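Comments concern the structure below.
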Number of protein chains: 2
Amino acid sequence: MKPTIRDVARMAEVSISTVSRVMNAPNSVVESKRNRVMEAVERLRYQPNSFARGLIYKKSFTLGLLIPDIENLYFAGVIRGMQDACIKLGYSLMICNTDRDKERLLSYIDNFHEKQVDGIVFASDVLYPEYHDKLVGCRIPFVLVSSHSDEFDIPSVEVDDEEAAYDAVKFLIDLGHKDIGMIGFNHDNSVSGPPRYEGFVRALTESGLQQNIMKSKYASHRFEHAYQAAHELFTDYPELTAVFCVADEFAMGTISYLKDRNILVPGQVSVIGFDNLRMSSMFIPKLTTIAQPIYELGYRAAEKLHELLTTGEVQVLNEKMEHKLIVRESTREK
Amino acid sequence: MKPTIRDVARMAEVSISTVSRVMNAPNSVVESKRNRVMEAVERLRYQPNSFARGLIYKKSFTLGLLIPDIENLYFAGVIRGMQDACIKLGYSLMICNTDRDKERLLSYIDNFHEKQVDGIVFASDVLYPEYHDKLVGCRIPFVLVSSHSDEFDIPSVEVDDEEAAYDAVKFLIDLGHKDIGMIGFNHDNSVSGPPRYEGFVRALTESGLQQNIMKSKYASHRFEHAYQAAHELFTDYPELTAVFCVADEFAMGTISYLKDRNILVPGQVSVIGFDNLRMSSMFIPKLTTIAQPIYELGYRAAEKLHELLTTGEVQVLNEKMEHKLIVRESTREK
DNA sequence: CTGAAAGCGCTAACAC
DNA sequence: GTGTTAGCGCTTTCAG
């Protein structure tokens, strides 16, 4: 049996309120008693029961995080950032991996509701009205990270996808490439799919390279799909000398395909990625990519949620963080 | 304000006990009342408060997972397995990433204690007496995954590291290699370091290749360290034609180093890894490796913990799961 | 089959 | 400063 406040009180020969006081406002208790209590706490290894506390405070000091795919390195970074922020702010963190499964996501929300999490960070996924309504119905405050909502006014933190994609493609163009393809996210299940495509289009158009706009194929989040998409892309457009991949994992899939076809990267084809995962500098060749401040995104999302929780609102609704081009070995001048 | 059982009772015009009954034993309530209650529950989106429940049941139906490094793909698999098992068994999961920091780990245990997790899965790390004592002091049952303890009798699930390492090295020998090196884990902060080294030694000795035993360098968990260790290894032993890496991430670091030195893999040097991460089949060249049943390890650990929690003991204390050699492209006959 | 009431461990008035 | 006590929301006897 775990010791309760009563056991501590008995051992220290004080009332339970005194024990409660030394746990919460030590200075309001005279030193002699305080010491006795603290000693009893030590000896019994007493830890206040958070159920009892939760009942009173009506807060769990726990945040929930919903991520689509824990096997994607991107989210490991978001988790680290968020976890560090949680430590700083005094929250525990509950991470749930939805595997991009609607039912699972919905049931995790129920779970969060039951466990009384104070707020939720919803990562990277499209906020379908169904999700939104459920969250609102449960009265759980939430923010979006690496995502945003056009339909609803939900606080969010992300990079400027359009601008970042533009920068990537512009870099390829400045390298002298004229035949540029793209491996993008399917637009129907991805928030960043459309803006990154827009960035691709804008860079091309601005340089009079519109003929490339159609040279894009789509994949859904994973390496294998990107490999397949690369196959389609190079079958249709063998003239390509550069490709913009909207995720580092796509860049790896593309390079892997090219390798199997004996096409050299960056010798014959330049490939640029997006995200700057930890793996990206380990890959061969090391990936040129658009770095997202992944850790910071997670950190900031937790702070923003905290802001929402404590003040009831956020200073800036939709926040953009800086991206940065990282030039490594997968791209070369044409 | 979230609705309470009282609100539901009022709306359904029954007592709170009746509401409690339809939530927990619906059949003990006549249909008419039951329907009224269920309707009220729907309309109010009532969700029982788990604090109040926890106070009564003295259980949180939550498990804790302690992992050393969430940016290591290995743990993503463990998490997935464990999370699926948790869903099946009716637990929520609380994941904490220690970043291999002692203080942090200890404070997470306090956190788990306070949050009243029912049990903990401790992943991959060495169970220092300090950790053991704290866990025991908190009276939180726990099991080890991808780890074991020689000092204490703690339930564990892992692969047979010695045997698996032996298989890896034997494979290299059977390929005709006579000059074989190793990049291992530092023995002082790794559980699987020693047994994998033992496997290396046994395979070598058995084939009369003892002269290789000294040809080993150590790294601590990450790519960059393995890159450095590979540098040391090949500086000291340039004659090597094969290297056994005790982690896929080490194999990647080694290959990356070799690539920078313009040494071909597998053309001039064969490299075998260990783990079979998702990335390993994406790497160039695709990694030959010893596959661990990562997902199953996580799944099984949760089941084992559940067994410990419900029956007070486990059928088999230290459980070994099957590993498997996966031959891909990073190895070749000598 | 159903309601009243006790109590889980804790905090926060409220007296002293 | 410190103790007493009334709940927080729920489950579970115990009567009826």
Side-chain angles (χ1 to χ4, degrees), chain A residues 1-38 40-41 44-62 90 110 113-118 138-139, chain B residues 1-38 40-41 44-62 90 110 112-118 138-140:
Chain A
M1 222 27 250
K2 292 189 176 157
T4 73
I5 197 171
R6 246 167 270 276
D7 299 314
V8 179
R10 201 172 306 128
M11 178 176 286
E13 301 184 296
V14 296
S15 75
I16 60 166
S17 344
T18 300
V19 177
S20 178
R21 283 188 194 100
V22 333
M23 300 306 287
N24 299 297
N27 293 323
S28 65
V29 175
V30 285
E31 197 177 338
S32 64
K33 293 199 180 186
R34 192 185 355 169
N35 288 149
R36 262 154 52 203
V37 169
M38 285 181 346
V41 166
L44 294 168
R45 289 187 198 248
Y46 168 71
Q47 180 79 237
N49 184 320
S50 70
F51 295 142
R53 285 185 119 137
L55 256 192
I56 294 163
Y57 292 136
K58 294 175 192 329
K59 287 194 64 181
S60 60
F61 300 99
T62 299
D110 277 334
H113 187 192
E114 187 209 326
K115 287 278 179 352
Q116 322 279 321
V117 301
D118 298 331
C138 293
R139 308 169 195 71
Chain B
M1 221 28 248
K2 290 188 178 159
T4 75
I5 198 171
R6 247 167 268 279
D7 299 314
V8 179
R10 201 172 305 127
M11 178 177 285
E13 300 184 297
V14 296
S15 75
I16 61 167
S17 337
T18 301
V19 177
S20 176
R21 285 189 192 98
V22 335
M23 299 305 288
N24 299 297
N27 293 324
S28 65
V29 175
V30 285
E31 197 178 337
S32 64
K33 292 199 180 185
R34 192 186 357 174
N35 289 149
R36 263 157 47 204
V37 169
M38 286 180 346
V41 166
L44 293 169
R45 292 188 196 246
Y46 169 70
Q47 179 80 237
N49 182 321
S50 71
F51 294 143
R53 283 186 122 137
L55 212 41
I56 294 163
Y57 292 136
K58 296 178 191 327
K59 287 194 64 182
S60 59
F61 299 99
T62 300
D110 277 334
F112 281 155
H113 186 192
E114 187 209 325
K115 286 280 179 350
Q116 323 277 322
V117 301
D118 299 330
C138 293
R139 308 168 193 74
I140 307 179

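Chain A is the first sequence line, chain B the second, and so forth, proteins listed ahead of strands; every chain is numbered from 1. Since the structure is predicted, the reported quantities are computational estimates derived from the model, not experimental observations.
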*Bending between helix ends of the helix from C:dC1-D:dG16 to C:dC16-D:dG1 [5 pairs per end, 10° resolution]*: 40°
*N/O donor-acceptor pair under 3.5 Å between A:Asn35 side chain and A:Ser32 backbone*: no
*B:Thr4 has a side chain; which of C:dA4, D:dC10, C:dT11 sits nearest to it?*
D:dC10
*May I have the distance from B:Lys59 (atom NZ) to D:dT11 (atom C1'), rounded to whole angstrom?*
16 Å
*side-chain N/O A:Thr18 vs D:dT2 OP1/OP2, d < 4.0 Å*: no
*Could you grab the distance from atom CD1 of B:Ile5 to atom OG of B:Ser15, nearest 0.5 Å is fine?*
8.5 Å
*Answer yes or no: is there a side-chain heavy-atom contact under 4.5 Å between B:Val14 and B:Val37?*
yes
*Atom CZ of A:Arg21 to atom C1' of D:dT4: distance rounded to whole Å?*
10 Å
_Side chain of A:Tyr57 (C-beta onward), nearest among C:dA12, C:dA5, C:dG9_ = C:dA12
_Starting the side chain at C-beta, find the nucleotide from D:dT2, D:dT11, C:dA4 nearest to B:Asn24._
D:dT11
_C:dG9 OP1/OP2 closer than 4.0 Å to side-chain N/O of A:Arg6_ = no
*Which nucleotide in C:dG3, C:dA12, D:dT4 has an atom nearest any side-chain atom of B:Lys33*: C:dG3
*Expressed in angstrom and rounded to an integer, what is the separation of A:Ile5 atom CD1 from C:dT11 atom C1'?*
8 Å
*Separation between NE2 of A:His113 and CG of B:Asn49, rounded to the nearest 0.5 Å*: 9.0 Å
*asked:* Check this one for me: any side-chain N or O of B:Lys58 less than 4.0 Å away from OP1 or OP2 of D:dC10?
replied: no
